[in-house]
K.L.:
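Structure below; questions to follow.
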Amino acid sequence: MYRNEGEVARAISDYLRASSAPRSSVFITTKWNPPEGLTEPGVSTEDVYEELQASRKIFLEDFNLEYVDLMLVHQSRPGPQGRANHWQALVKAQADGWIKDIGVSNQYVLPPTQCPAYHQQ
């Protein structure tokens, strides 16, 4: 998200190589900021997952790191389908094994008066 993934991954990789420390000695947390277009009608979880794969390449494959300990979705795009697609993409990446744990960051909750269910009561 902050466009420093390559530098951070390189520093971690260099540290692990130079110190002979096990990968488990470093807890890596990163954020994924889904692009705006991933909430458009017709966008599937698989489309979102493919976008998420770019983070895998930058952070892991380019620097020979096997996994991220915690991946946060940063401010998933509005709408229930957009949020569901973003979460399911993270779940799929977790099942693939390159993300150990997943979470959210900067999620917005609407006040009750702005929630559709509130107006249906």
Side-chain angles (χ1 to χ4, degrees):
M1 171 172 177
Y2 300 108
R3 297 192 174 121
N4 65 351
E5 292 92 349
E7 292 84 359
V8 171
R10 184 179 307 108
I12 293 168
S13 181
D14 289 351
Y15 163 75
L16 292 173
R17 191 172 34 260
S19 69
S20 298
R23 165 60 185 86
S24 61
S25 69
V26 178
F27 191 93
I28 301 172
T29 301
T30 190
K31 285 184 183 180
W32 175 58
N33 192 22
E36 291 283 341
L38 291 180
T39 58
E40 299 301 319
V43 173
S44 69
T45 297
E46 195 58 39
D47 296 329
V48 177
Y49 181 74
E50 289 304 315
E51 180 65 33
L52 180 59
Q53 290 300 312
S55 294
R56 179 181 187 164
K57 178 169 180 7
I58 291 170
F59 204 86
L60 299 176
E61 293 172 11
D62 290 352
F63 298 100
N64 297 316
L65 298 171
E66 297 100 23
Y67 61 92
V68 170
D69 294 285
L70 175 61
M71 173 76 78
L72 302 174
V73 61
H74 177 83
Q75 191 175 336
S76 62
R77 299 298 169 222
Q81 189 59 52
R83 286 189 295 275
N85 282 343
H86 298 157
W87 187 256
Q88 289 304 314
L90 288 171
V91 167
K92 183 172 170 46
Q94 185 180 33
D96 288 348
W98 67 274
I99 295 174
K100 297 299 179 189
D101 288 303
I102 57 178
V104 297
S105 172
N106 295 335
Q107 297 298 298
Y108 300 101
V109 177
L110 295 173
T113 56
Q114 292 182 7
C115 293
Y118 177 85
H119 295 288
Q120 294 173 359
Q121 294 180 359

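Treat the numbers as computed from the prediction; the structure is a model and nothing was measured.
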K.L.:
Say you draw a straight line from NE2 of H74 to NE2 of H86; how long is it, rounded to the nearest 0.5 Å?
P.N.:
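It is 12.5 Å, given to the nearest 0.5 Å.
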K.L.:
Provide the closest heavy-atom pair for L70 versus G103 in the form atom of the first, atom of the second, distance.
P.N.:
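Looks like CD1-N, 4.1 Å.
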K.L.:
Determine whether I12 and W98 fall in the same hydrophobic cluster, where Ile, Leu, Val, Met, Phe, Trp and Tyr are linked whenever their side-chain heavy atoms lie under 4.5 Å apart.
P.N.:
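Linked, I12 and W98 end up in one cluster.
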K.L.:
Got L65 and L16 here, is their nearest side-chain heavy-atom distance under 4.5 Å?
P.N.:
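In contact.
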K.L.:
If you round to the nearest 0.5 Å, how far is CH2 of W87 from CG of N85?
P.N.:
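Rounded to the nearest 0.5 Å, the CG-CH2 separation comes to 13.5 Å.
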K.L.:
So do K100 and F27 actually touch side chain to side chain, heavy atoms under 4.5 Å?
P.N.:
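Of all side-chain heavy-atom pairs linking K100 with F27, none is under 4.5 Å.
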K.L.:
Considering only heavy atoms from C-beta outward, does the side chain of Q94 approach that of D101 to under 4.5 Å?
P.N.:
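Answer yes - side chains close enough.
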K.L.:
With a 4.5 Å cut-off on side-chain heavy-atom distances among I, L, V, M, F, W and Y, is there a chain of contacts connecting L60 to V91?
P.N.:
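Yes, one cluster joins them.
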K.L.:
Not counting sequence neighbours, which residues clear salt bridge (Lys or Arg N to Asp or Glu O under 4.0 Å) with D69? List them please.
P.N.:
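So D69 forms a salt bridge (Lys or Arg N to Asp or Glu O under 4.0 Å) with R23.
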K.L.:
Would L90 and M71 count as a side-chain contact (heavy atoms from CB on, under 4.5 Å) here? Give the steps.
P.N.:
CA-CA 8 Å; L90 288 171; M71 173 76 78; 3.5 Å; yes
K.L.:
Looking at every heavy atom in both P22 and S25, which two are closest together, and how far apart are they?
P.N.:
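In this case the closest contact between P22 and S25 is O-OG, 2.7 Å.
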K.L.:
Rounded to the nearest 0.5 Å, what separates atom CD1 in I99 from atom CD1 in I28?
P.N.:
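Answer rounded to 0.5 Å: 12.0 Å.
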K.L.:
For a quick test of reading the model, state the closest non-hydrogen atom pair linking Y49 to A89 and the distance between them.
P.N.:
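So the two residues come closest at CD1-O, 3.5 Å.
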K.L.:
Is the side chain of S13 donor-acceptor paired with the backbone N or O of A9 at a distance under 3.5 Å, no angle test?
P.N.:
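Pair absent, no side-chain N/O of S13 close to backbone of A9.
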K.L.:
Go through the steps to decide whether W32 and I102 satisfy the test side-chain contact (heavy atoms from CB on, under 4.5 Å), and finish with yes or no.
P.N.:
CA-CA 11 Å; W32 175 58; I102 57 178; over 6 Å; no
